[in-house]
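Read the structure below first, then the notes.
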Amino acid sequence: MLQLIARRLSVSVLLILLISFLTFVLQSLAPGDVAKTILNSGSGQLGGGYTDEQYQELRRALGLDQPLLVQYWDWLSHAIRGDLGVSPVSGVDVTSAISSRLPVTVSLVVLGTVVTAALGIGLGMISAVRGGRLGRVVDVFSVIGFALPNFWLALLLVALFAVSLGMLPATGYVPIDVSPAEWARSLILPIATLSLSATASFAKQTRDSMLDTLSRDFVRMLRANGASEASIVFRHGLRNAAIPVVTLVGLLFIGLFSGAVFIESVFALPGMGRLAVQATEQHDLPVVQGVVVVLTLVVVVTNLAVDLVYGWLNPKVRVS
Amino acid sequence: MTAVASQDLAAPSSDEPPGGNSRPAVSRTPTWRRLLRRPLAVISLAYLVLLVLAAVFADVVAPYDPADLDLDHVLSGPSAGHLLGTDPLGRDVLSRLIHGGQVSLVNGGVAALTFVMVGVATGLVAGFFGGWTDRVFTWAVDVVIAIPGLIVLLVVLTVFGGNMTVAMAALGILSAPGFARVVRGVTLGVRQELYISAAKVSGLPTRHILLRHVLPRVTGPILVQASLFFGAALLVDAGLAYLGFGVQPPTPTWGGMIIEAASVISQQPWLLVPPGITLALATLSFALLGDAIRDTSAERTGRQSGNARRRSAARRAELPRPAGAPDPAALLSVRGLTVSLPTSGGTADVVADVDLDVRPGETVGLVGESGCGKSITASALLGLLPAGGEIRTGRVQLGDVDLTTAGKSLLRSVRGSRIALISQEPVASLDPVFTAGQQVDELVRRHHGGSRQAVRARTLELLTSVRLRDPESVARRYPHELSGGMAQRVAIAMALAGEPDLLVADEPTTALDVTVQAEILRLLQSIQAERGMAVLLITHDWGVVAQVCQRAYVMYAGHVVESAPVAAMIDQPLHPYSAGLLASMPGRGRPGHHLASIPGTVPAPADWPAGCHFAPRCALATEDCAAPVPLSEPAPGRLSRCVHHDRLIEGATA
Amino acid sequence: MTASGLLEIQDLRVEFAGRRRHDAGVLAADGVSLRIDDAETLGLVGESGSGKSTIGNAVLGLVKPAAGRILFRGQDVTHATTRERRRLGQHIQVVFQDPYSSLNPSRTIGQTLGEQLRLVRGLDRRTTRIHVENVLRQVGMPADTMSRYPAEFSGGQRQRIAIARALVMEPDLVICDEPTSALDLSVQAQILNLLLDLQARLGLGYLFISHDIDVVRHMSHRVAVLLHGRVVEQGPAEGVTRHPDHEYTRTLVAAVPSVDVAAEAPPNGRAPHRNEQGEA
Amino acid sequence: MNGAPRHPSLTRRQFVIAGIAATGGVAVAACSSGSSSDAYGAGGTAGSSRTLRFHERTSAPTTLDPAVGFWNPLAYDVLIYRAPDGTFQPQLAESWQYVGAGNTTFELVLRPDITFTDGTPLTADAVRANIDYRKDPAVGSQSAQYVAAISEIEIVDDLTIRIHLSEPNPLLPTLFSQGMGGPGILVSPAALEDPSVLATGTHGVSRYLLVEDETVLGDHYAFAANPDYWNPDEVHWDGVVVHYLPEESAALSALQTGQLDAAWASFAITGAGRDAGLSVTGPGRPIILGLTLTDRGGVVVPALADVRVRQALNYALDRTKITTALIGESGAPVDQLATPDGAGWNSDGFYPHDVERARELLTDAGYADGFTIPVRLPNSEQHTRLTQAIADALSDINVRLELQAVPGNQWDAADAATNSAFGATYLGWGIDDPVRMAASFWLADATNNTFGSTDETLQSLQEQAMIAGEDDREDIDRQIIARVAELAWFLPVLVQGESVLYDDELVEVPWVDFLSVPTVSELRPAS
């Protein structure tokens, strides 16, 4: 077990190296650079408020005139020591920039995953056991949920629940340590948006998996030999049906990090997604790299967690 | 013993009716034709075709030039002149929607095409060739999946100056790994298929095998995924527009229009509706289409495609006679049992008018080929018919309980404690995620209760009683760690947990090797002797019947056609089907010479004749056989559903 | 015994890699030597995991032997190249166990049977058609079979078609890998009869692989018994299956439940309960 | 000049520019109460504690370092304050003047007894340290090119400093006011020892102090009143929270649901805000939008070499109609690079909508059949919309625009290498003193003068302006703007402003007309 974790994490280091290098190279190929961003940032104009000499000098000062590999090595050698650098645009330490944004995104994504998974699995179980109309409703909503652009949905939800009905805050985020109640309120609409699209398809998958499990030989065997229906559904059914569903939870969790980019914009949540978009726009390489590293870690750790849970659920793939 | 029905094998199609009317021609219809039978698929397809046509012929269809400004009428709501209103520059929203499809659909298409090409090519190659290609593939997939896609997409867009074609291709590549895994999985499965081996043996070129044999099997998933992804790509296209990467003005796109609308949402919220709905419906259509394709292709490659719609109504008319009185001496007494199952065309009776008795401590065989209704009969006894299955008439008397009328809770209390089951696939009949011990524990607890220790002690006792050498170690193992024989012993222990009076053993040794089979049969016999338990043994193997059963029932096409003490039946069958089966056993033939064989195959329930079900395959059949044949008792203790049973005896003595 | 039989297997050894990297490989065939002459059937019998199918697959080139030689008509084909395989495909063919898996469900019977003729033999469409119809007739299938899909046929019919596919190349040797194990008793008899007829008519050699001793005895001239990848006994069919020399063969034969015992004694109490070896 | 740090962000989140007229800087700001109970801080009126919750704009400042263009009036006092009405008022400087004629020596006298929030006293040395900091190229201050002309800094005494210039410049009062990250925004010299602290903290002479615990950089900034501030009358709130909501519609929702007290609002939400019962004042913060006809030499589009052609384009626009349709009351049509009634404004105008005249001019120039101009512009909803409106108008005289919209972060008006493949580029500029606009647009080496066009008349007018006294400049400015208009080097369409939407029960907004660039520090509680 520990060996597996160690191996996976060591592979993930390679992965992060590779991905960070790719992003670095790609970013560097992009027209424009951070020097222009800085020079334009205070001009109050649509660009063009600086001279070429200024530009060249700033580039030199920022080390942008160095060869790409030197720049990457410079970043990497610091990153290895846990120093993700300082944003040349904002002067903010990347680690603290990310750590101040991470709680927002993590709140959003974790709660989104929990809500989606809980609702989805619950609905899926019920529709598997009860079947019939509920199953069809789940089907219909899973497709509709998939089809709605989530930022569009978000705009509609804000218009309805925040502006027209005034029930919930339209935008903004309250840290949980300031006020747990307000924190929850500020996340209701964003999470509703995230979950609406995923819950139904989750339910559908759960139901399919559950139906598949319930049609297997061992269920017939258990029934025939007198096992209770509750045990069949909740002990045997759920545990077996959970195996594919766990993979889905992992995918959902990772997927929501992307979904969060849009949601954070619409609801004005100061999360990582917005940070990433902004940094990309600004050619703020250290921040982009930092976000990429963090997101890659999230993916790696999530996949590892899924594998571990998977092994726990499914003795066949259990690694000793 | 006579060769009832030896046939000249060289004669064309002598054995089986041409075309196999037992396997209907449903799946000859091309997939797309069957797709068109689904209303949702048709609507989705129609909508998409409409969008595409509208986009292609936009210049003709659109009421206005999409770039035609009218600054005097900006942001007007829907009106007669502008059905969907105007945008912030006074342009006609409908016309822009129609033209917008051009770019949006092409973008979606580019993404979907890249997605399919990358996913199929890599997945196919990795799955088919395996080895290092597969390792490289797996590794690459892991890498790509870990890439934060949206950010890379943003970077790509920056690098390529907002070029959406490149971005959509990148999206296709970034999304392909998951799909490639699916393709690889399917390909791995297909690679195991024997027809691939056969093609290799024939020396067919690899390219041909890939394109003609593997690819078509992957087509279903490809179409499904491509369709879903096309829809998703439309959403991403719009989402990127939302983040500021639109196409060039004045070209309209759906995403761009949503963004336009969002920027004036406070001034004219209506504008959000037309592009949003158009886009959502397009995505929806792709998704529905994908679902429909999945369902139809599942239908097509599905192996079960019997249809029984034609005759089922007639079947209902031919009601079995009223059930006779149960045998009071029997432990289990079945009378007039008729069971129907759903089929593609309605329901059909698959077991008709079955009488069956098992006395306490007796071992009774239920013999027949597949499709004769043996297993369904067993399921009916246990109240475990598959969804939609129904006992139409008859009684199943187990001691003092009629299982056909018993309520759910009564049925549950009977199962395990009075009647229990072991089945054909020993490993599959155990839950893979619990240890053997846990599974036996559960049933012990259910039937006897008690403390943890008491339960486990009883479990170990049971495992010992099924002659497992190291019960404690077996209890700790998971089903996949057990051999078939061990798994079947565990299953037997589970069945014994409730100390049942009757054990239904549904082909308990069919999946096992002969030596293991012998052990399991001996085990069953000794347990039976120890406990005085009755066994109803369902099998197709005469040898097994001969070895362990006292009496046997032979089933053919839903009917019990003969019942007799085993030795007597084997010595002198009194139904041509039993006789034919016995004669076609290779062990009883002359090596190297023709075996006696019964022509044709067991018909599907829908194709059962009105009279004797066996008549079409029977060498003895006459006009008399066209009418329903009741069971008769040609000799004491023997029943036969044949009007010509006397001719069998003549044949034997002749 | 002449030097060049139809097929000769010498000291064949096949290993399968373990599931994990450090697991020892599994020996699926270990020093197997067999020989088949023209129009002869060699039966290969054994329980699951004994390696009988592996031997067939090695002859077919579907698995790579680790050692040993496979001679077809005296020519070494152990490591035949793709090109040689293509030529060999016209001499050695196969009928598999599972009639459902052995035909591509998305191709018509005509396509499946015809493609090898067209691609390997380079025949034109018309000739191919005549050829295929002819073979289908030989196995007792009607001509309209060609335009149909596998799903439209029963297991027995499919197995006939699978045999037709093997015959269409006019082979000398057919590997029959459990050809009737998935079939019901009455259909099994039909297929066995068909195989016997074809052998008589076409002079085919069969490598007949089965777990069922009765079937093997019925079909074979000679029988080889396999255990854990080794041939434990080999000889004339009647001799090996009725009067086995090897302990394992005796166990195997004894384990087969016979119908004829039932007629002799009432089942209960008849079978003396041997001290059973529990499994662990 | 000054700058609102609207860095050109790419998205449609309005990367509108806050260009701001020569007058004041925009501020951000707001204070915060000690205990904010929701995302926006405490409500405005609650009892003794009054917190202003304010939305500044859609793109957040990248850094708090005032040298990089972002002036926060809550945290940094300036030497010379440029009021919303455009006048210069003493703040940390008690007085200032050019010494002698010719605009080459400038003297500042500092207010005594002022200390920075870190306790450092304000002295002439502090001013020098601030000038030196702006000069450092690694800082990337927008004022660097103006500070570069300072040849010598003379410390007269503790509170008096004299600036010597290598060339005449009449705009030093502007340089030492709040615009463009200039040295007038005084940073504590102690903090300048390690400038890295400036990015995330405030180190000036501050009315309000940043509350770091309640601040999320790039999203919202909380400030609390500084009890030690030298001029307590100017501290109106107990706290201010300044928000940067990424979507204007979100700001409107927040105003409607009471999460905000006031917000800057573009045309997109102003009307809806008014309809929803909010008070509106403005527009202010004017920015001019249109096209720069860069290719005056006819390199890419030969037709543009002819002044008649460029004038024809200007005649072809119905600016009033476009303005009304696109931004309604949030702006005004302009045919010159000046704000109505601002510096250099010619009230008679130059180019009324006259398609006939436009056609005649084109015919005279030999382009009756029209031609095509490739145009490069930033891809944001607002700008593409305006450009399409221009394109539509020009199509009346057979002139076609071929648009290439690039992602916002790739748009750079100073990128001559790229822009020289186009006949015109997008124009979006916070109107400035004509003298300073010259350095950006019409001097030979101006940053946005892609092809380096020159005009002798403009050159000599510029020279006159540089040495002119305050009183003579007004006339010279007007001549400059008139000359630029005659040359038709530009195709200006409209001046667009932003308004303040607010809840008048909580907030009082004391001004505003088109010229003004009010700062958040002037918002006060409703009486």
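Here the structure is a predicted model, which means the values were calculated and not measured. In what follows, chains carry the letters A, B, and so on, assigned in the order in which the sequence lines appear, proteins first and then strands, with residues in each chain numbered from 1.
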**Asked** Any luck finding a side-chain donor-acceptor pair between D:T450 and D:N419 under 3.5 Å?
**Response** no
**Request:** Against chain A, label D:V406 side chain, backbone, both or neither, depending on which of its atoms sit under 4.5 Å from a heavy atom there.
**Result:** neither
**Message:** Please output the residues of residues 55-76 of chain A in contact with chain D, using a heavy-atom cutoff of under 4.5 Å, in numerical order.
**Reply:** A:E57, A:L58, A:A61
**Item:** Region of A:T280 that comes under 4.5 Å of a non-hydrogen atom in chain D
**Value:** backbone
**Message:** On the six-membered ring of D:F441, is D:R436 placed so that its NZ or CZ lies under 6.0 angstrom from the centre and within 45° of the ring axis?
**Reply:** no
**Asked** A:S99: what forms a side chain to side chain contact (heavy atoms under 4.5 Å, CB included) with it, not counting sequence neighbours?
**Response** A:S96
**Asked** Do D:T294 and D:T292 meet the criterion of a side-chain donor-acceptor pair at a distance under 3.5 Å?
**Response** no
**Prompt:** What class does the angle between the rings of D:Y221 and D:Y244 fall in, given that below 30° is parallel, 30 to 60° is tilted and above 60° is perpendicular?
**Reply:** perpendicular
**Request:** With sequence neighbours excluded, tell me which residues meet side chain to side chain contact (heavy atoms under 4.5 Å, CB included) with A:V299.
**Result:** A:I254, A:N303, B:A146
**Asked** Which residues pass the side chain to side chain contact (heavy atoms under 4.5 Å, CB included) test with A:I144, sequence neighbours left out?
**Response** A:V140, A:L148, B:L284
